[in-house]
Amino acid sequence: HNGITRPKGYRVSWHANPAVEPHHFGQSHPMKPWRLTLTKQLVMAYGMHYAMDLYLTRAATFEEMAEFHKEDYLEFLRQVVPADMEAPEQSDRIASYNIGDDCPIFDGLYNYCSLYAGGTIDAARKLVNNQSEIAINWSGGLHHAKKAEASGFCYVNDIVLGILQLLRHHPRVMYIDIDVHHGDGVEQAFWSTDRVLTVSFHKYDKDNFFPGTGALDSTGPAHPLNPGAHHAINVPLNDGIEDADYLQLFKEVVGSCVETYRPGAIVLQCGADSLGCDRLGCFNLNVTGHGSCVEYVKTFGIPLLVVGGGGYTPRNVSRAWAHETSILIDAADKIDPNIPETVAFRNHFGPDYSLFPPLSEMRRIENKNSKAYLASVVAAVKEQLRYMKG
Ligand code: TV1
Ligand code: CA
Ligand code: ZN
């Protein structure tokens, strides 16, 4: 085949279960678990699976998910069926758990949640047991879910569950989130601790972009004696940011954070809705620009848990996550940008059939991030890190 082989001096593990892929959120809902099928087809057509340890994810148990979530909420997710959406006696609970258009009840919902959560928990455990240096679960990354509430297409917060596993062994864990939306659920879960540093890059518009949180001055609890003070980092962005500016910003922010915080493990949420041409996003990143962030995080050589997240133009989500898999196994230079003839569903990648179509040229959104604005964000983060050090 194309020369992708195993010995790299570090192990990469791939955590997946094909039973996640056929779940349907419903007609016209933007979240399509099928994008995971497309990703896997690309990864396999390129032979990347030869360079990883492949694990079939088991479903997380109720007890494992209850390490973060309230039991009555999990009980609800376990027993609810689509017909309950019409049942008047269920309407109070459906409302209180924020079930609705964004987070509908669909067939197999509990199975779906427990499988993607099991993947992230397994991946974290491989890292702490020293059986993997980089663990990947593209079905995870569902960063909006709260303790007892669904939010923004997320029901169970697999990232929080994975970080809780890492915290059993590592005094400090850093969380990085490049989804176009604010990683509010993860931030909130670790708001009052200094053992997790959360860093989210996102489009921010308090009134017009979901979830409306993640302002630059939202840095943790206000009380200086609360250990969580200064341990939330938010990088609010405007429409249309491009590769070069994003990467420079990412390196300055993430580089300073790693240097100051010295995490024992890093969790990287790779939401692909920050790509250009995304159905819900508003940035202009290319597959290469998005991937450069992953490459940069890898250079620290710190145990790394990589999860998916958003991404609503499936052909581009799969391009990005396949490219990022190649980066993580150190084989990006062995990948032919022409998508192999053998890949299933190859028609989805036309007319260019390239892994790197120029997304930012296709539906370019005006860049509303001035150099001065970006410099002021970097300055604010560096100032915050001075406080964090104490
Ligand atoms: C059903 C059918 C649901 C079509 C939802 C876009 C739909 C959206 C739909 C949609 C849509 C959102 C809000 C408004 C909250 C609502 C996985 C009451 C064409 C991690 C979640 C975005 C992003 C939620 C998740 C957002 C993630 N945008 N069509 N819904 N208010 N919800 O704005 O971060 O990527 O859009
Ligand atoms: Ca984000
Ligand atoms: Zn998103």
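All residue numbers refer to positions in the sequence shown, counting from 1. Each ligand, and each atom within it, is numbered from 1 in the order the structure gives.
When heavy-atom distances to ligand 1 are checked against a 4.0 Å cut-off, Val180 has no atom that comes that close, whether in backbone or side chain. Using a 4.0 Å cut-off between heavy atoms, His181 contacts ligand 1 through its side chain alone, with no backbone atom that close. In Pro104, neither the side chain nor the backbone holds a heavy atom less than 4.0 Å from any atom of ligand 1.
The aromatic rings of Phe300 and Tyr296 sit perpendicular, their planes meeting at an angle over 60°, well past the 30° parallel limit. Ring geometry for Tyr155 versus Phe106: interplanar angle over 60°, hence perpendicular rather than tilted (30 to 60°). Below 30°, between 30° and 60°, or above 60°: for Trp138 and Trp321 the angle between ring planes is below 30°, a parallel geometry. Using cut-offs of 30° and 60° for the angle between ring planes, the Phe153 and Phe25 rings count as perpendicular.
Here the heavy atom of the protein found nearest to atom 20 (C) of ligand 1 is His143 NE2, 3.4 Å. With hydrogens left out, the protein atom closest to atom 13 (C) of ligand 1 is Asp102 OD2, 3.4 Å, a heavy atom.
A salt bridge is absent between Lys368 and Asp205; no separation between the charged side-chain nitrogens and carboxylate oxygens falls under 4.0 Å. A salt bridge does not link Glu259 to Lys389: none of the charged side-chain nitrogens sits closer than 4.0 Å to a carboxylate oxygen.
Within the 3.0 Å limit, Phe201 places at least one N, O or S atom next to the Ca ion (ligand 2). At least one N/O/S atom of His181, from backbone or side chain, sits under 2.8 Å from the Zn ion (ligand 3). In summary, Gln269 places no N/O/S atom under 3.0 Å from the Ca ion (ligand 2), failing the contact criterion. Note on His181: counted as a metal contact of the Ca ion (ligand 2), an N/O/S atom lying under 3.0 Å.
Relative to the ring axis of Tyr353, Arg346 places its NZ or CZ within 45° and under 6.0 Å from the centre.
Atom 31 (N) of ligand 1 lies below 4.0 Å from none of the non-hydrogen atoms of the protein. For atom 15 (C) of ligand 1, a protein heavy-atom neighbour is found at a distance under 4.0 Å.
An angle of 160° is found at the Ca ion (ligand 2) between Asp179 atom O and Ser200 atom OG, rounded to 10°.
Of the listed residues (Phe153, Tyr312, Phe209), the one carrying the non-hydrogen atom nearest atom 35 (O) of ligand 1 is Tyr312. When His144, His182, Gln269 are checked for heavy-atom proximity to atom 34 (O) of ligand 1, His144 turns out nearest.
In terms of polar-atom proximity, defined here as any N/O pair under 3.5 Å, Asp273 does make such a contact with ligand 1. No N or O atom of His29 sits closer than 3.5 Å to an N or O atom of ligand 1.
The minimum distance between the Zn ion (ligand 3) and any N, O or S atom of Asp179 involves atom OD1. With respect to the Zn ion (ligand 3), Asp273 has OD2 as its nearest N, O or S atom.
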